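Please read all numbers here as calculations on a predicted model, not as lab measurements.
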Amino acid sequence: MNAPTLLSPGALARIDEAAAKYPRDQRQSAVIAALAIAQHEHGHLTPELMTFVANYLGMPPIAVYEVASFYTMYDLKPTGKYKLTICTNLPCALQGANAAAAHLKKKLGVGFNETTADGAFTLKEGECFGACGDAPVLLVNDKRMCSAMTPDKLDEFLGGLK
């Protein structure tokens with residue numbers, strides 16, 4: 001009898017594709033990709049899902065949890081419809097990211113790692129996104145990067161999402 005799977009056949013195929021890029025005995029090297037695939041399919045990473053990924057890649061569950069809890073791109077609890085991650089690293093901070101973050105907190109009525117009461121927005125603080133020349137940078141749902149996000153541009157952006 002086969003063990004139950006928490007991921008679709010398509011997700012497993014994508015993980016296998018990522019793992020195939022590494023030597024057979026280093027399948028665990030695909031953990032970052034596997035977690036991203038699992039999160040995309042489920043919305044966030046539960047302990048059961050992380051254990052499943054660990055077993056699928058042949059690694060200790062704690063090692064998977066360490067990766068998932070270290071990187072801000074992974075969510076260990078449900079997020080809002082729009083996950084807004086603002087970079088507050090030094091280059092972005094020097095270009096106004098702290099003021100932009102304060103503006104978002106006030107406008108949304110939440111702090112970092114919190115979700116608005118209506119479930120629309122989750123605000124997160126992120127580390128460098130590699131776009132320092134476009135600071136301050138906002139990452140939306142881990143997919144869309146917005147540049148030069150001043151408070152005025154943030155107001156315009158949020159208005160367009162409603």
Gap between atom [atom2] of [Y] and atom [atom1] of [X] - 0.5 Å precision:
X      : Y      : atom1 : atom2 : answer
Cys92  : Met149 : SG    : CE    : 11.5 Å
Ile37  : Ile15  : CD1   : CD1   : 5.0 Å
Asp75  : Leu35  : CG    : CG    : 11.5 Å
Gln95  : Cys132 : CD    : SG    : 10.0 Å
Asn141 : His40  : CG    : NE2   : 10.5 Å

Discussion item. Could you work out, with salt bridge (Lys or Arg N to Asp or Glu O under 4.0 Å) as the rule, every residue matching Asp142, not counting sequence neighbours?
Written reply: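 Only Lys83 meet the salt bridge (Lys or Arg N to Asp or Glu O under 4.0 Å) criterion with Asp142.
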Worksheet entry | Test salt bridge (Lys or Arg N to Asp or Glu O under 4.0 Å) applied to Arg27 - qualifying residues, sequence neighbours left out | Asp16
Worksheet entry | side chain to side chain contact (heavy atoms under 4.5 Å, CB included) between Asn113 and Leu123, intermediate numbers included | CA-CA 6 Å; Asn113 300 311; Leu123 183 60; over 6 Å; no
Any idea which heavy atoms bring [X] and [Y] closest together, and the distance?
X      : Y      : result
Lys153 : Ser147 : NZ-O, 3.0 Å
His103 : Pro151 : NE2-O, 3.5 Å
Phe121 : Leu108 : CD1-CD2, 3.7 Å
Ala93  : Asn98  : CB-ND2, 3.8 Å

Worksheet entry | Side-chain donor/acceptor of Gln39 to backbone N/O of Ala36, under 3.5 Å | no
Worksheet entry | Side chain to side chain, Val110 and Lys105, heavy atoms closer than 4.5 Å | no
Practice prompt. Step by step, work out the side chain to side chain contact (heavy atoms under 4.5 Å, CB included) result for Lys107 and Leu154.
Written response: CA-CA 10 Å; Lys107 185 94 172 169; Leu154 286 166; over 6 Å; no
Discussion item. I'd like to know if Asp118 and Lys81 make a salt bridge, using a cut-off of under 4.0 Å between side-chain N and carboxylate O.
Written reply: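 A salt bridge is absent here (no side-chain N lies under 4.0 Å from a carboxylate O).
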Discussion item. Who clusters with Leu139? Use side-chain heavy atoms, under 4.5 angstrom, across I, L, V, M, F, W and Y, and order the result by chain and number.
Written reply: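 Besides Leu139, the cluster holds Phe129, Val137, Met145.
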Please tabulate, for side-chain N and O atoms in residues 84-91, each donor-acceptor pair with protein atoms closer than 3.5 Å (sequence neighbours left out).
residue	atom	partner	partner atom	Å
Thr88	OG1	Glu125	OE2	2.6
Asn89	ND2	Glu127	OE1	3.3

Worksheet item: Are Tyr82 and Leu158 close enough, and set up right, to give a side chain to side chain contact (heavy atoms under 4.5 Å, CB included), and what steps lead you there?
Response: CA-CA 10 Å; Tyr82 299 104; Leu158 291 174; over 6 Å; no
Practice prompt. Would you indicate whether Glu41, at its atom CD, is surrounded by more than 12 heavy atoms from other residues, nucleotides or ligands within a distance under 6.0 Å?
Written response: yes
Worksheet item: Does any donor atom in the side chain of Thr79 or Thr122 lie under 3.5 Å from an acceptor atom in the other side chain?
Response: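 Absent: no donor and acceptor within the cut-off.
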Distance-only check: which donor-acceptor pairs under 3.5 Å involve side-chain atoms of residues 48-55, not counting sequence neighbours?
residue	atom	partner	partner atom	Å
Glu48	OE1	Thr46	OG1	3.4
Thr51	OG1	Pro47	O	3.0
Asn55	ND2	Thr51	O	3.4

I'd like a table of donor-acceptor pairs (distance under 3.5 Å, sequence neighbours excluded) in which one partner is a side-chain atom from residues 57-74, with atom names and distances.
residue	atom	partner	partner atom	Å
Ser69	OG	Tyr65	O	2.9
Ser69	OG	Glu66	O	3.4
Tyr74	OH	Ile32	O	2.7

Fill in: Residues Phe112, Lys124; criterion side chain to side chain contact (heavy atoms under 4.5 Å, CB included); working and verdict
CA-CA 5 Å; Phe112 287 132; Lys124 292 189 86 171; 5.5 Å; no
